[in-house]
Protein chains: 2
Amino acid sequence: MEVPARPGPDASSLSAHDRVYRTLRTRVMHGELLPGQPLTLRGIGREFGVSMTPAREAIQRLVAEGALTMSGSGRVQTPELGNERIEELATIRALLEPELGSRALPRAHSALIDRMEAINSANTDAVLRSDAVTYVRTNLEFHRTLYLRAQSPAMLAMVETLWLQLGPTMRALYGRLRRNTPPPHHRMILAALKAGDEPGLRLAIRTDVTQGLRHLTQ
Amino acid sequence: MEVPARPGPDASSLSAHDRVYRTLRTRVMHGELLPGQPLTLRGIGREFGVSMTPAREAIQRLVAEGALTMSGSGRVQTPELGNERIEELATIRALLEPELGSRALPRAHSALIDRMEAINSANTDAVLRSDAVTYVRTNLEFHRTLYLRAQSPAMLAMVETLWLQLGPTMRALYGRLRRNTPPPHHRMILAALKAGDEPGLRLAIRTDVTQGLRHLTQ
DNA sequence: CGTGCGGATTTGTGATCACGCTTCGGACAT
DNA sequence: ATGTCCGAAGCGTGATCACAAATCCGCACG
């Protein structure tokens with residue numbers, strides 16, 4: 001119905017299937033859809049006012065990225081990940097994201113850190129309000145704001161694919177345990193950035209990523 | 001026309017778009033298509049005897065995986081990667097593949113090593129015959145045979161996505177410099193496997209991945 | 001009250017078509 | 001001989017339809 005995705009900075013909303021794709025993508029990544037939620041081509045087409053053709057392309061693309069799973073009969077739903085899969089994806093995040101942080105560190109000026117602190121406070125707000133979707137969204141924004149400075153588009157795209165696969169699961173997990181403490185390691189990340197401490201930054205990011213998901217699967 | 005892809009172990013060739021997708025995917029990954037080669041929906045449909053619809057789905061899926069690039073006007077071709085992108089993808093390989101090797105190490109029995117040595121000799125043959133496509137294919141088979149033992153499907157899928165993006169470029173690069181020496185570090189990988197030397201295996205894989213691509217971009 | 005079972009509905013798949021845009025080739029003028 | 005322009009051909013996009021398979025719901029049977 002609503003959620004304009006992010007018609008955003010790029011003025012390339014030319015094709016209908018791209019608009020559908022982008023909207024569904026951010027919905028999945030931000031955890032607006034719960035794991036196992038089914039999607040139908042005709043339903044999506046109806047919602048976006050398009051026919052089945054662009055809906056099918058958008059769905060197919062999301063399936064290829066792992067944002068959605070397709071059963072043998074073609075039925076599509078958000079993924080329901082097992083613990084071993086969650087830990088595997090967390091491991092990959094722990095391998096890639098410190099590298100992105102390290103590459104961003106030399107280019108992380110004070111304006112960037114200020115912006116990250118603002119996002120982090122919005123994140124803390126979401127925790128106190130028990131707003132799972134906003135929590136996930138601001139958490140990812142915090143990381144992406146830093147990683148954009150790494151100027152490593154392929155690596156960032158790969159990490160976003162991981163976020164995409166974890167989106168519904170993260171929302172469900174964060175919603176399950178109503179944590180009332182802000183994300184623990186974001187302050188360590190900010191401190192390491194200010195100090196220019198590269199090993200400390202790597203460690204802070206790695207523990208933020210793994211710890212954030214590890215104690216949820218136990 | 002030919003190249004049955006790998007109708008392979010899974011007997012799920014039910015849908016036409018899946019058959020098209022799989023065939024094109026292995027073509028790209030093995031470097032059977034040169035960088036910049038254009039693809040058209042009607043051409044693919046004609047070749048596979050299907051209409052544009054399944055051809056479009058297969059293409060869209062490959063674009064989502066980075067195996068093909070789509071211009072703003074919807075034109076599709078194999079990617080022409082710049083050096084910085086190649087090095088970035090090689091860095092990601094260097095981060096993920098040693099981890100896969102390390103996870104496979106405890107499960108690498110002698111039968112597996114024997115199979116890898118057979119693949120490696122086929123690889124050496126391809127080098128001596130200057131058969132670039134076979135070289136790329138056996139090289140990837142060598143790695144995949146090991147990584148399958150890691151039982152980390154998400155990580156393996158991510159690495160295969162990297163191979164897919166590098167496919168046309170690898171073929172073009174290996175074809176450009178007619179190397180007549182076999183891949184240098186495969187023997188080190190095999191030796192580390194036999195010795196159960198985990199740090200040595202990580203190093204051997206990392207250098208095989210980076211060195212294999214690094215001295216090609218210079 | 002639980003358990004199969006059968007028909008109606010809904011779903012994905014693939015083919016076909018119309019539309020608008022991009023691209024490429026040749027003719028013309030310079 | 002070179003550059004420009006215009007037309008035709010080819011392209012991707014999206015809508016619609018027919019078909020087969022899967023799913024769902026209610027009814028009958030145990």
Side-chain angles (χ1 to χ4, degrees), chain A residues 1 4-5 7 10-25 27-28 33-80, chain B residues 1 4-5 7 10-25 27-28 33-80:
Chain A
M1 306 184 181
D10 52 344
S12 61
S13 285
L14 302 100
S15 55
H17 82 259
D18 232 49
R19 181 172 53 93
V20 177
Y21 165 76
R22 273 195 249 269
T23 305
L24 291 178
R25 181 182 143 99
R27 274 189 205 171
V28 173
L33 278 57
L34 287 174
Q37 187 159 332
L39 298 176
T40 65
L41 297 182
R42 288 173 173 87
I44 291 170
R46 210 177 307 127
E47 174 184 348
F48 289 89
V50 297
S51 79
M52 287 167 46
T53 312
R56 207 197 314 192
E57 284 201 39
I59 290 284
Q60 199 68 242
R61 204 166 152 187
L62 290 166
V63 170
E65 294 183 271
L68 300 172
T69 63
M70 177 175 287
S71 79
S73 65
R75 233 71 171 208
V76 167
Q77 61 177 34
T78 49
E80 299 178 286
Chain B
M1 304 184 181
D10 52 344
S12 61
S13 284
L14 304 100
S15 56
H17 82 260
D18 234 48
R19 181 172 53 93
V20 177
Y21 164 76
R22 274 195 249 269
T23 305
L24 292 178
R25 182 184 142 97
R27 273 190 205 169
V28 172
L33 278 57
L34 287 173
Q37 188 159 333
L39 298 176
T40 66
L41 296 182
R42 287 174 173 86
I44 291 170
R46 210 177 307 127
E47 174 184 349
F48 289 88
V50 297
S51 78
M52 288 168 45
T53 311
R56 206 196 317 190
E57 284 201 38
I59 289 284
Q60 199 68 242
R61 205 166 151 184
L62 290 166
V63 170
E65 294 184 272
L68 301 172
T69 63
M70 176 175 288
S71 79
S73 65
R75 234 73 170 205
V76 166
Q77 62 177 34
T78 50
E80 299 178 286

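Both backbone and side-chain heavy atoms feed into the values below; hydrogens, waters and symmetry mates do not.
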Charged N to carboxylate O below 4.0 Å: is that the case for B:Arg19 and B:Glu47?
->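 A salt bridge is absent here (no side-chain N lies under 4.0 Å from a carboxylate O).
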
Is there side-chain contact between A:Val50 and A:Ile44, with heavy atoms separated by less than 4.5 Å?
->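 Not touching, per the 4.5 Å side-chain cut-off.
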
Is there side-chain contact between A:Leu39 and A:Leu33, with heavy atoms separated by less than 4.5 Å?
->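 In contact.
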
Would you give me the side-chain donor-acceptor pairs under 3.5 Å for residues 62-76 of chain B, sequence neighbours excluded?
{"residue": "B:Glu65", "atom": "OE1", "partner": "B:Tyr21", "partner atom": "OH", "Å": "2.5"}
{"residue": "B:Glu65", "atom": "OE2", "partner": "B:Tyr21", "partner atom": "OH", "Å": "3.3"}
{"residue": "B:Glu65", "atom": "OE2", "partner": "B:Arg25", "partner atom": "NH1", "Å": "3.3"}
{"residue": "B:Thr69", "atom": "OG1", "partner": "B:Gln77", "partner atom": "O", "Å": "3.3"}
{"residue": "B:Ser71", "atom": "OG", "partner": "B:Ser73", "partner atom": "N", "Å": "3.3"}
{"residue": "B:Ser71", "atom": "OG", "partner": "B:Ser73", "partner atom": "OG", "Å": "3.1"}
{"residue": "B:Ser71", "atom": "OG", "partner": "B:Arg75", "partner atom": "N", "Å": "3.3"}

Protein-to-nucleotide contact annotation, 5' to 3' order, nucleotides 9-25 of chain D [B base; S sugar-phosphate only; - none; under 4.0 Å, heavy atom] | --BBBBBB-----SS--

Got a sec, which residues hit side-chain hydrogen bond (donor to acceptor under 3.5 Å, both in side chains) with B:Glu57, two or more places apart in sequence or on another chain?
->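 Counting only residues at least two positions away or on another chain, B:Glu57 forms a side-chain hydrogen bond (donor to acceptor under 3.5 Å, both in side chains) with A:Arg56, A:Gln60.
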
